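What follows is a single structure, written as structure tokens, with notes after it.
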Amino acid sequence: MKLLILALFVAGAYGCGNPTFPPIVSRVVGGVDVREKSWPWQASLQYKSGSNFYHTCGATLLSSQWVLTAAHCIGSRTYRVYLGKHNLKNNEPGSIAISPAKIIVHENWDSYRIRNDIALIKLSTPVKLSDQIMPACLPTSGEILPHNFPCYVTGWGRLWTGGPIADVLQQALLPVVSHSVCSKSDWWGSLVTNNMICAGGDGELASCNGDSGGPLNCQNSDGSWDVHGVVSFGSSMGCNYPKKPSVFTRVSAYMGWINRVMTSN
């Protein structure tokens with residue numbers, strides 16, 4: 001599936017999942033400012049209010065014209081996708097805001113039970129790929145990561161429960177929690193399905209409001225990065241609640257849908 005998407009949609013010298021400026025990753029507890037341009041597929045989904053646009057969700061660039069986000073991020077607002085951003089408050093050379101041509105929410109999105117929380121955005125014009133803007137790789141269809149596999153969530157979400165959203169893009173280490181653990185009654189129970197990934201849950205680190213729709217980045221043995229998850233939901237008791245890890249839509253469960261939408265639109 002990874003090769004199919006690349007062959008069909010990614011043109012030019014820039015492949016997927018290999019930043020020119022690799023992220024500085026460590027097992028440090030606590031979200032940290034990212035190295036600039038180190039997550040070049042990270043996008044900010046923004047909505048219009050009055051004459052201004054405001055960050056609402058994260059998103060992931062899949063190709064020069066397609067962006068992945070969460071279904072729950074999409075409403076009846078006017079949106080734009082901002083690519084190549086590091087600090088949301090600054091005007092940054094090389095960054096660009098593009099309006100959507102189409103937004104396709106999964107046809108079986110269930111907001112009550114939080115099922116199939118995934119959407120694709122087709123950009124109105126293809127973005128020019130660069131060191132600052134390049135697509136993510138996607139996992140093999142059906143791929144399941146092992147328990148404790150180290151992944152990183154990135155986004156401009158709230159720095160703590162009830163706190164402000166971040167100006168500078170953040171990253172945080174969130175080890176994968178296996179479905180057998182995450183579905184235990186004192187964890188998430190039956191709310192999590194096999195089409196989701198849990199990560200974190202130590203009470204220290206988590207995604208938070210504003211991170212929704214953004215990527216869970218997991219590194220391959222060759223150093224490249226796959227986006228295995230789309231930030232979906234967390235605990236109403238707080239972003240960093242023990243045994244309530246961040247829950248992501250599992251991208252590898254939707255590779256067929258992603259390819260179908262991208263090839264037919």
Side-chain angles (χ1 to χ4, degrees), residues 1-7 9-28 31-44 58-64 66-70 81 83-86 118 120 127 129-157 168-177 197-200 205 207 211-232 246 248-255 258-259 262:
M1 291 298 186
K2 188 187 303 181
L3 293 177
L4 172 62
I5 286 176
L6 280 178
F9 298 107
V10 179
Y14 296 95
C16 69
N18 275 302
T20 305
F21 304 93
I24 299 169
V25 294
S26 69
R27 304 304 172 90
V28 174
V32 295
D33 292 0
V34 309
R35 180 186 188 184
E36 201 162 351
K37 303 179 185 177
S38 62
W39 304 103
W41 45 86
Q42 174 81 47
S44 168
T60 300
L61 185 69
L62 299 187
S63 75
S64 62
W66 284 96
V67 173
L68 178 69
T69 191
V81 177
L83 295 152
K85 289 300 292 175
H86 179 69
I118 192 168
L120 281 164
V127 66
L129 302 182
S130 66
D131 290 343
Q132 195 169 337
I133 301 172
M134 64 177 68
C137 290
L138 295 181
T140 304
S141 182
E143 184 177 355
I144 303 287
L145 294 174
H147 184 73
N148 259 343
F149 192 92
C151 296
Y152 288 81
V153 66
T154 50
W156 290 277
V168 174
L169 185 62
Q170 301 287 298
Q171 68 184 45
L173 172 67
L174 291 186
V176 169
V177 178
I197 295 180
C198 300
L205 287 175
S207 58
D211 288 324
S212 287
L216 181 68
N217 308 280
C218 309
Q219 194 168 27
N220 297 305
S221 57
D222 65 359
S224 67
W225 294 85
D226 289 348
V227 168
H228 274 264
V230 176
V231 179
S232 181
S246 303
F248 303 78
T249 305
R250 179 167 65 83
V251 173
S252 68
Y254 292 90
M255 289 304 299
I258 290 169
N259 275 294
M262 288 170 68

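Residues: numbered from 1 along the sequence shown. No experiment lies behind these values; they were computed from the predicted model shown.
The minimum heavy-atom distance linking Val34 with Gln170 is given by the pair CG1-C, 3.5 Å. Between Leu83 and Ala43, the closest heavy-atom pair is CD2-CB, 3.6 Å. Minimum heavy-atom separation, Leu174 to Gly200: CD2-CA, 3.9 Å. Asp211 and Gly157 get closest at one heavy-atom pair: OD1-N, 2.8 Å. Scanning all heavy atoms of the two residues, the minimum distance from Pro135 to Ser63 falls at CB-N, 3.9 Å. Of all heavy-atom pairs between His228 and Pro139, the closest is CE1-CB, 3.4 Å.
Distance SG/Cys137 to CG/Asn220: 7.0 Å, rounded to 0.5 Å. Atom OG in Ser44 sits 9.5 Å away from atom CG in Leu169 (nearest 0.5 Å). Residue Leu216 holds its CG atom at 10.5 Å from SG of Cys198, rounded to the nearest 0.5 Å. Distance check, rounded to the nearest 0.5 Å: CD1 of Ile197 to SG of Cys151 gives 7.0 Å. Rounding to the nearest 0.5 Å gives a distance of 10.5 Å between OG of Ser38 and CG of Asp33.
Using a 4.5 Å heavy-atom threshold, the side chains of Val153 and Val231 count as touching. When side chains are defined from C-beta on, Tyr254 does not count as touching Val230, because their heavy atoms never get closer than 4.5 Å. Looking at heavy atoms from C-beta onward, Pro40 lies out of side-chain contact with Ile133 at the 4.5 angstrom threshold.
Exactly one residue among Ile258, Val67, Val251 makes a side-chain contact (heavy atoms from CB on, under 4.5 Å) with Leu62. That residue is Ile258. Among the candidates Trp39, Tyr152, Trp41, the single residue satisfying the side-chain hydrogen bond (donor to acceptor under 3.5 Å, both in side chains) test with Asn217 is Trp41.
A donor-acceptor contact shorter than 3.5 Å is absent between the side chain of Gln171 and the backbone of Pro23. Between the Asp222 side chain and the Ser224 main chain, a donor and an acceptor come within less than 3.5 Å of each other. Side-chain atoms of Thr69 never come within 3.5 Å of backbone atoms of Ile118 as a donor-acceptor pair (strictly under, hydrogens ignored). Judged purely by atom type and a 3.5 angstrom limit, Trp156 uses its side chain to pair as donor or acceptor with the backbone of His86. Put simply, the side chain of Gln132 never gets that close to the backbone of Lys37: no donor and acceptor are under 3.5 Å apart. Although no hydrogens or angles enter the test, the distance criterion places no donor-acceptor pair under 3.5 Å between the side chain of Thr140 and the main chain of Glu143.
Shown here are the side-chain hydrogen bond (donor to acceptor under 3.5 Å, both in side chains) partners of Trp225, two or more places apart in sequence or in another chain: there are none. The side-chain hydrogen bond (donor to acceptor under 3.5 Å, both in side chains) search around Ser252 returns Arg250, not counting sequence neighbours. In this structure, Phe149 has no ring-ring contact (aromatic ring centres under 6.0 Å, His included) partners at least two apart in sequence or on a different chain. The salt bridge (charged side-chain N to carboxylate O under 4.0 Å, His left out) test applied to Lys85 returns Glu92, not counting sequence neighbours. Evaluation of the side-chain hydrogen bond (donor to acceptor under 3.5 Å, both in side chains) rule for Thr60 yields no partner, not counting sequence neighbours.
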Item to check | Working for side chain to side chain contact (heavy atoms under 4.5 Å, CB included), residues Leu145 and Cys218 | outcome: CA-CA 9 Å; Leu145 294 174; Cys218 309; 3.5 Å; yes
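For the 3.5 Å distance criterion, the side chains of Thr154 and Gln42 qualify, holding a donor opposite an acceptor.
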